[in-house]
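Inspection log for the structure reproduced underneath, given as structure tokens.
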Amino acid sequence: MLAELLFEPSGEFENFLRMSSSDFSYILDKISPVISKKHTQLREPIPAKTRLAITLRFLATGDSYKNLHFLFKVSSQIISIIVPEVCAAINDLLKDEIKYLRKKTKL
């Protein structure tokens, strides 16, 4: 499904992940080596593209892990591991490019 959205000219990709496909590809290129998992004899790893999409969808919408489970067909337990791992990778590898917005507090 994600691959179909990536090349959809209607803007559905931007609506789904709240970012352009070029920004998604840029982030994926940067963090893919860190978030990719190795193949084992027991199972195929969840692709880095899917791991990033799950995390971005979570951050963009605040969907529960259960809702993301139905959307991406990945267990809630695995999603609860993926989201913090990918967030840490984004923070570590893109920290010089991230802008933090602070709320002004009234004194």
* Any ring pair (Phe, Tyr, Trp, His ring centres under 6.0 Å) pairs touching residues 76-97, not counting sequence neighbours? -> none
* Would you check if Arg43 and Thr40 make a side-chain contact, meaning some heavy-atom pair closer than 4.5 Å? => yes
* Asked: What are the two closest non-hydrogen atoms of Ile79 and Pro84, and how far apart are they?
  -> O-CD, 4.3 Å
* Asked: CD1/Ile35 to CG/Leu28 distance, rounded to the nearest 0.5 angstrom?
  -> 6.5 Å
* Asked: What are the two closest heavy atoms between His69 and Ser76, and how far apart are they?
  -> CB-OG, 3.6 Å
* **Of all pairs that satisfy salt bridge (Lys or Arg N to Asp or Glu O under 4.0 Å), the ones with a partner from residues 24-34, not counting sequence neighbours** => none
* Asked: Do Val74 and Ile81 share a hydrophobic cluster (ILVMFWY, side-chain heavy atoms under 4.5 Å, transitive)?
  -> no
* List in chain and number order the residues that pass side chain to side chain donor-acceptor pair (under 3.5 Å) with Ser20, two or more places apart in sequence or in another chain; answer none if no residue qualifies. => Ser22, Asp23
* Structure fact -> ring pair (Phe, Tyr, Trp, His ring centres under 6.0 Å) pairs touching residues 31-53, sequence neighbours excluded, are none
* For residues 65-91, which residue pairs qualify under salt bridge (Lys or Arg N to Asp or Glu O under 4.0 Å), counting only residues two or more places apart or in two chains? -> Lys37-Glu85, Arg51-Glu85
* Asked: Who passes side-chain contact (heavy atoms from CB on, under 4.5 Å) against Ser75, sequence neighbours left out?
  -> Gln77, Ile78
* Ser36 side chain to Ser32 backbone, donor-acceptor under 3.5 Å -> yes
* To do: Find the distance between CG (Asn67) and CZ (Phe72) and round it off to the nearest 0.5 Å.
  => 11.5 Å
* Criterion side chain to side chain contact (heavy atoms under 4.5 Å, CB included) against Arg18, the qualifying member of Thr61, Leu59, Leu56 -> Thr61
* **Common cluster, Ile82/Leu94, ILVMFWY with side-chain heavy-atom separation under 4.5 Å** => yes
* Can you hop from Ile46 to Val34 via hydrophobic side chains spaced under 4.5 Å? -> yes
* From CZ (Phe70) to CG (Asp63), nearest 0.5 Å -> 12.0 Å
* Asked: With a cut-off of under 6.0 Å to the ring centre and 45° to the axis, is Arg57 in cation-pi contact with Phe16?
  -> yes
